[in-house]
Amino acid sequence: MKDSKSIIKLIMKLWVVVSLICLPIKAQEANYDESKVGTYTLPDALTTLNGQEVINKKQWEKVRRPEILKLFQDNEYGIIPNAKIKTSYRVLEEGEDALDGKAIRRQVEITFNGNGLTRKMLVLLYIPKGVKKCPVFVSPNFQGNATTTTDPAVIESQFSVFERAHQTSRWSYDRIISSGYAVATFHYYDVYFDQDDKINDTIYPLFGINSNSDLQDNTGKSIAAWAWGCSRVLDYLLTLKYIDKKRAIVLGHSRLGKAALWCGAQDQRFAMVISNDSGCSGAALSRRNYGETVAKINHDFPWWFCNKYQSYSQDVSSLPMDQHELLALIAPRLVYVASAQDDQWADPRGEFLSLQEASKVYALYGLETLQGSSFPSVNEPLWKGNCGYHMRTGIHDVTDYDWQSYIEFANKHLIP
Ligand code: GCU
């Protein structure tokens, strides 16, 4: 039994290594020449499907926002069936003196029951000590809860194949806690294995979806599931007296950045949404031929988006929406898009242009927009109204610089 577990761990590790080796190969095929991006016309976030101009927030909220939300549901991320499932919470561990005595640690198992099946999610939560009501970051992790910290009390996530403390550089827990924010994380595999043909092991069977053949054109897959997971963590957090309902933040990196955006677009309980290097089918405009494209992402990761999305691979101009409208769904709440200079695969300029275009919707709320701003220089964050952007030096990653910027931006808006 132990042997078979080690073999599975080895295979999964090899799979991760092979995908990382393949990344530069894919990247070489992409266009990185701004003069070859091509011309494109973006769908107007402020024109309804029947051609009416949206001139006030009432029209936006009643007509255009629901239209755009549905376009993303039906054509890109897909929906999660609306079947009732039962959820329960069990505190597995609690420590009063975590992170050098600055935080309370709580580890909670969330159990979902549906369709005669059970799925479990393990949440690691750190709360700053002595704060009555604090804002909270909800952010899924890639390698398992115990890889995010050197804290020996952290329980290993069920599907983690990595050593403890393997990815601590991405988690500025000390900075987060010292700044008065709580933080909750879970291993994204608890919700959906990041592999093809794994639907049976995910949350979908709770809703009666057991294999690819059960999928409708607009049934969600992994991105929708990871987004769903973030909302389920928030459900739990909102039961706690020391978490401020009005100051929850969802943050994701890369594929989990796509998920964080999709989560924040739908779940308006999140007061701030952060995309860290989410790139193609995240913050970046799909119609720009730069870095990763819709065709490439659909080819390489067919388990991320709904089946319908595949039909746009050969002609992105036929997409009835583009990613700036995903960002616009977050309006008037806080939105932060971050890029990295050496992460051209994610198209930093396309991420900025997308946010700039989305910011038009913020004007309906009397907020400042990014219209007229030029693409900022590296390490010079541009914050206007409720929209924040930066491109830092370095590679595709989450760094302390990113956390510091998110916290400073959040402090400006969320801390009285
Ligand atoms: C690949 C993929 C990206 C994704 C990234 C990640 O590079 O092409 O779309 O964002 O993996 O999740 O790290």
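Along the sequence shown, the residues carry numbers beginning at 1. Order of appearance sets the numbers: ligands from 1, and atoms from 1 within every ligand.
Here His396 has side-chain heavy atoms under 4.0 Å from ligand 1, and that is the only part of it that gets that close. At a 4.0 Å heavy-atom cut-off, ligand 1 touches Glu292 through the side chain alone.
Across Ile199 and Tyr192, no two heavy atoms sit closer than the pair CG1-OH, 3.2 Å.
For the pair Asp402 and Arg170, the salt-bridge criterion is not met [side-chain N within less than 4.0 Å of a carboxylate O]. Between Glu93 and Arg105 there is a salt bridge, since a side-chain N of the basic residue sits under 4.0 Å from a carboxylate O of the acidic one. Salt-bridge check for Asp190 with Lys120: failed, with every basic side-chain N at 4.0 Å or more from each acidic carboxylate O. Salt bridge Arg119/Asp201: absent, no basic N to carboxylate O contact under 4.0 Å.
Residue Lys258 approaches ligand 1 through these ligand atoms, each under 4.0 Å from one of its heavy atoms: 3 (C), 4 (C), 9 (O), 10 (O). Close approach to Ser254 involves these atoms of ligand 1, each under 4.0 Å from a residue heavy atom: 4 (C), 5 (C), 6 (C), 10 (O), 12 (O), 13 (O). When each atom of ligand 1 is checked for a heavy atom of Ile297 under 4.0 Å away, the hits are 9 (O).
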